[in-house]
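Notes for the one structure printed next.
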Amino acid sequence: MTDSDSPSVLIVGGSLVGLSTAVLLRLHGVDCLVVERHTGTAIHPRAGHFQLRTVEILRSAGLEESVRRKGEEVYHPDGGINNVESLAGREIASYFPNLNAGVAEFSPTVRLFINQDDLEPILRSRAEGLGAELRYRTECASLEQDPDGVTATLRDLETGAEETVRSKYVVAADGNRSPTRGRLGIGMRGHGLLSNSVTIYFHAEVDLAPLLEGRYQGVNYVTNPVLRGFFRLDRSGNRGFLVVNLVGDTARPEIVAAYPDAPWANVAENITEQRALELLRAAIGVPDIPVVIEDVAKWRAEADSAERYQDGRVFLAGDAAHVVPPNGGFGGNTGVQDAWNLAWKLGLVLRGAAGPGLLDTYDEERRPIGELTVEQAYARYVTRVAPYLGDEGMQPLVDDFSMEIGYRYNSAAVVLEPDDDRALHQHPRESKGRPGSRAPHVFVEHEGKEVSTLDLFGREFTLLVAPSGEAWRDAVATAAGELGLPLKSHVIAEPEFPAAYGIAGAGAVLVRPDGVVGWRAIDGTGASPATAHEVLRKLLCRTDQGGT
Ligand SMILES: Cc1cc2nc3c(=O)[nH]c(=O)nc-3n(C[C@H](O)[C@H](O)[C@H](O)COP(=O)(O)OP(=O)(O)OC[C@H]3O[C@@H](n4cnc5c(N)ncnc54)[C@H](O)[C@@H]3O)c2cc1C
């Protein structure tokens with residue numbers, strides 16, 4: 001056993017969320033080591049639908065263009081989401097006729113489709129380019145915490161050699177079965193196992209796109225007496241995958257009653273290539289269509305959330321913290337947003353600009369959103385795939401804009417206003433710069449170019465004021481200097497800015513590095529360095545008075 005250098009943060013798991021964490025930590029100047037059991041990045045497409053907030057994060061990390069270009073090689077940029085009897089059959093429902101309808105009002109980006117096995121290499125390359133260390137075929141075999149840090153045993157899976165690594169913090173992005181979560185004794189709660197599902201990867205010797213008769217290809221749910229699941233079909237029309245969640249006619253109560261133990265009814269058990277072919281043809285809706293099965297992956301559709309996202313110096317992120325059925329495309333997105341929430345907090349605590357209490361706000365902020373996401377993915381699973389489960393214990397559906405960019409935080413790292421109703425979500429058209437919500441998108445002129453307000457955030461705290469907001473601008477700059485906090489200030493002259501952010505001309509808005517409004521002053525009343533000092537100390541969870 002040998003001892004290795006000490007990274008500030010050890011990331012266990014180098015898939016979608018581990019790699020995103022590495023990129024975002026590096027952007028905050030945090031050195032990190034990623035360990036991953038596999039030989040490389042993902043080999044299956046899995047996550048494909050990337051939501052607005054995630055694309056905004058990729059934009060902030062300088063990756064939006066490369067990700068969009070790669071996604072468009074495979075998918076139509078605005079593919080929709082509908083439900084059909086089969087590709088050749090009748091349309092039953094349309095959930096998103098166009099993935100990006102109405103998006104421009106809220107964001108400078110768009111939602112997109114890119115397969116996880118295409119996205120991960122882009123994240124890997126960015127993480128390595130930014131200086132993160134990645135080790136493949138390396139397993140984290142144990143973790144021990146003490147007041148000053150964490151000692152991990154890492155095992156080289158090729159040679160069996162072990163070494164210990166000391167880090168200040170650990171991010172466990174080690175997936176649904178998270179060995180780290182198990183070691184910490186953190187349980188999962190929720191709806192549990194929904195179905196033993198399969199994904200059938202295939203190519204067809206004919207173009208399947210004409211079967212959709214001009215309806216957008218994106219995600220096509222399939223509902224018929226043989227199976228329920230969904231297709232993701234490449235824009236080529238002859239390649240893609242079919243997820244099968246349920247087999248059997250679950251619309252018939254006597255069938256459901258006949259299999260009381262069936263999650264539903266275990267298509268994954270003993271699946272053969274012949275059976276996969278039958279299911280695929282039933283989903284396409286053309287009996288003898290020439291298709292070739294390339295692979296079949298088995299997985300469990302579950303809807304559960306971890307009881308805690310933090311244990312001392314160890315944080316759970318991604319599927320380790322919450323696992324959802326794929327309906328709504330939340331799983332990987334929520335994980336990337338966990339990483340986004342945690343990275344700046346680790347950055348500021350490690351450099352001494354924030355108090356360690358800031359790290360406790362990761363669980364305070366992300367766990368309620370994780371639980372909401374689990375419930376909303378479950379509700380979409382029930383309504384789109386498994387209506388036989390009924391609506392008992394199902395939350396009413398929350399619209400997608402509210403889920404993607406309308407969730408709100410209530411923690412020690414936000415100064416809520418006296419009239420705040422502490423709702424977990426609000427439509428972005430309504431929240432208007434309310435503390436705890438995502439700072440709204442407004443096009444503004446910056447250094448001679450038109451950018452989004454969102455482009456001003458991502459690294460430091462950012463103060464936005466209108467031209468008559470200089471009293472707050474000076475007060476906050478003075479306080480930030482006293483506290484040793486890097487701060488950027490922008491005077492926004494665009495007339496729509498104050499209303500979009502819910503302030504009068506002399507007001508001010510302080511945006512956290514994750515683009516969430518931490519505090520705002522509706523007008524210039526009470527602007528003073530002392531008040532600003534108090535606000536910043538609260539947002540940073542600082543218990544001292546002075547600088548770093
Ligand atoms: C069919 C399907 C469709 C989906 N569609 C979408 C979608 O459209 N949008 C979306 O957002 N999500 C989607 N998802 C979900 C998405 O794939 C997951 O949420 C995402 O992969 C979670 O990423 P993760 O990094 O948290 O975990 P994982 O991808 O599970 O990665 C965990 C990694 O940790 C490694 N690991 C585990 N233990 C150790 C250890 N001790 N030491 C070292 N390494 C370790 C594993 O090898 C693994 O690579 C879909 C999933 C499926 C199955």
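Because only heavy atoms are used, hydrogens play no part in the values below, and waters and symmetry mates are left out as well, while side chains stay in. Just follow the structure's listing: the first ligand is 1, and inside any ligand the first atom is 1.
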### Message
Does ligand 1 come near enough to Cys140 that some N or O of the ligand is less than 3.5 Å from an N or O of the residue?
### Response
yes
### Query
Side chains of Asn82 and Glu91: donor-acceptor distance under 3.5 Å anywhere?
yes
### Summary
The reported gap from OG1 in Thr54 to CD1 in Ile405 (rounded to nearest 0.5 angstrom) is 11.5 Å
### Task
Answer with yes or no whether Ala173 contacts ligand 1, where contact means a heavy atom under 4.0 Å from a ligand atom.
yes
### Task
Report yes if Gly332 has an N/O atom closer than 3.5 Å to an N/O atom of ligand 1; otherwise report no.
yes
### Nearest protein heavy atom with distance in Å, relative to atom 3 (C) of ligand 1
Arg46 O, 3.5 Å
### Query
With a 4.0 Å heavy-atom cut-off (strictly under), which part of Asp174 contacts ligand 1: side chain, backbone, both or neither?
both
### Query
Trp299 heavy atoms, cut-off 4.0 Å: which ligand 1 atoms fall inside?
1 (C), 53 (C)
### Task
Would you mind listing which atoms of ligand 1 come within a distance below 4.0 Å of any non-hydrogen atom of Gly48?
6 (C), 7 (C), 8 (O), 9 (N)
### Query
Applying a 4.0 Å heavy-atom criterion (strictly less than), which segment of Gln51 is in contact with ligand 1: side chain, backbone, both, or neither?
neither
#### Entry: Contact check, Thr138 vs ligand 1, heavy-atom distance below 4.0 Å
yes
### Task
Indicate yes or no: does Glu73 engage Arg69 in a salt bridge with an N to O separation below 4.0 Å.
no
#### Entry: Contact atoms of ligand 1, heavy-atom distance to Gly331 under 4.0 Å
10 (C), 11 (O), 12 (N), 19 (O)
### Query
Hey, what's the ring geometry for Tyr362 with Tyr309, parallel, tilted or perpendicular (30° and 60° as the breaks)?
tilted
### Message
Going by the closest heavy atom to atom 31 (O) of ligand 1, which one wins out of Ser15, Ser178, Pro179?
### Response
Ser15
### Nearest-0.5 Å distance, OG1 of residue Thr223 to CD1 of residue Ile92
4.5 Å
### Query
So which protein heavy atom does atom 30 (O) of ligand 1 come closest to, and at what separation?
Gly175 CA, 3.5 Å
### Query
Is there a donor in the side chain of Ser197 and an acceptor in the side chain of Asn245, or the other way round, less than 3.5 Å apart?
yes
### Task
May I ask you to list the atoms of ligand 1 that are less than 4.0 angstrom from any heavy atom of Gly13?
34 (O), 35 (C), 44 (N)
#### Entry: Residues, nucleotides or ligands: over 12 heavy atoms within 6.0 Å of Glu144 CD
no
### Message
As an exercise, identify every atom of ligand 1 less than 4.0 angstrom from a heavy atom of Val17.
### Response
23 (O), 24 (P), 25 (O), 26 (O)
### Message
If the cut-off is 4.0 Å to any non-hydrogen atom of Asp319, which atoms of ligand 1 fall inside it?
### Response
18 (C), 19 (O), 22 (C), 26 (O)
### Query
Any side-chain donor-acceptor pair under 3.5 Å between Arg366 and Tyr409?
yes
### Proximity winner for atom 14 (N) of ligand 1, if only heavy atoms of Ala47, Ala141, Gly18, Gly229 are counted
Ala47
### Task
Could you tell me how the ring of His427 sits relative to the ring of Phe106: parallel (under 30°), tilted (30 to 60°) or perpendicular (over 60°)?
perpendicular
### Query
Between Glu278 and Arg275, is a salt bridge (Lys or Arg N to Asp or Glu O under 4.0 Å) present by the stated rule, with each step listed?
CA-CA 5 Å; Glu278 284 163 21; Arg275 175 73 174 135; 3.6 Å; yes
#### Entry: Any N/O pair Glu139/ligand 1 closer than 3.5 Å
no
### Message
Among Arg300, Arg37, Glu36, Arg177, which one puts a heavy atom closest to atom 35 (C) of ligand 1?
### Response
Glu36
### Query
Sequence neighbours excluded, which residues qualify as ring-ring contact (aromatic ring centres under 6.0 Å, His included) partners of Trp340?
none
### Task
With heavy atoms under 4.0 Å as the rule, classify the contact between Val243 and ligand 1 as side chain, backbone, both or neither.
side chain
### Query
In terms of side-chain heavy atoms, does Asn333 have a donor or acceptor partner in Glu404 at a distance below 3.5 Å?
no
### Message
If I apply the N/O under 3.5 Å rule, does Asn176 come out as touching ligand 1?
### Response
no
### Task
Ignoring angles and geometry beyond distance, decide whether Gln116 reaches within less than 3.5 Å of ligand 1 through its nitrogen or oxygen atoms.
yes
### Query
Is the side chain of Arg126 donor-acceptor paired with the backbone N or O of Ala61 at a distance under 3.5 Å, no angle test?
yes
### Message
Suppose I only count heavy atoms of Gly318 and a 4.0 Å limit; which atoms of ligand 1 are within that range?
### Response
26 (O)
### Query
Does the side chain of Asn115 come under 3.5 Å of the side chain of His44 through a donor N or O and an acceptor N or O?
no
### Message
Between ligand 1 and Gly14, is the shortest N or O to N or O distance under 3.5 Å?
### Response
no
### Query
At a 4.0 Å threshold, what atoms of ligand 1 neighbour a non-hydrogen atom of Val12?
40 (C), 42 (N)
#### Entry: Phe50, portion touching ligand 1 at heavy-atom distance under 4.0 Å
neither
### Query
Do Thr153 and Glu162 get their side chains close enough for a donor-acceptor pair, meaning under 3.5 Å?
no
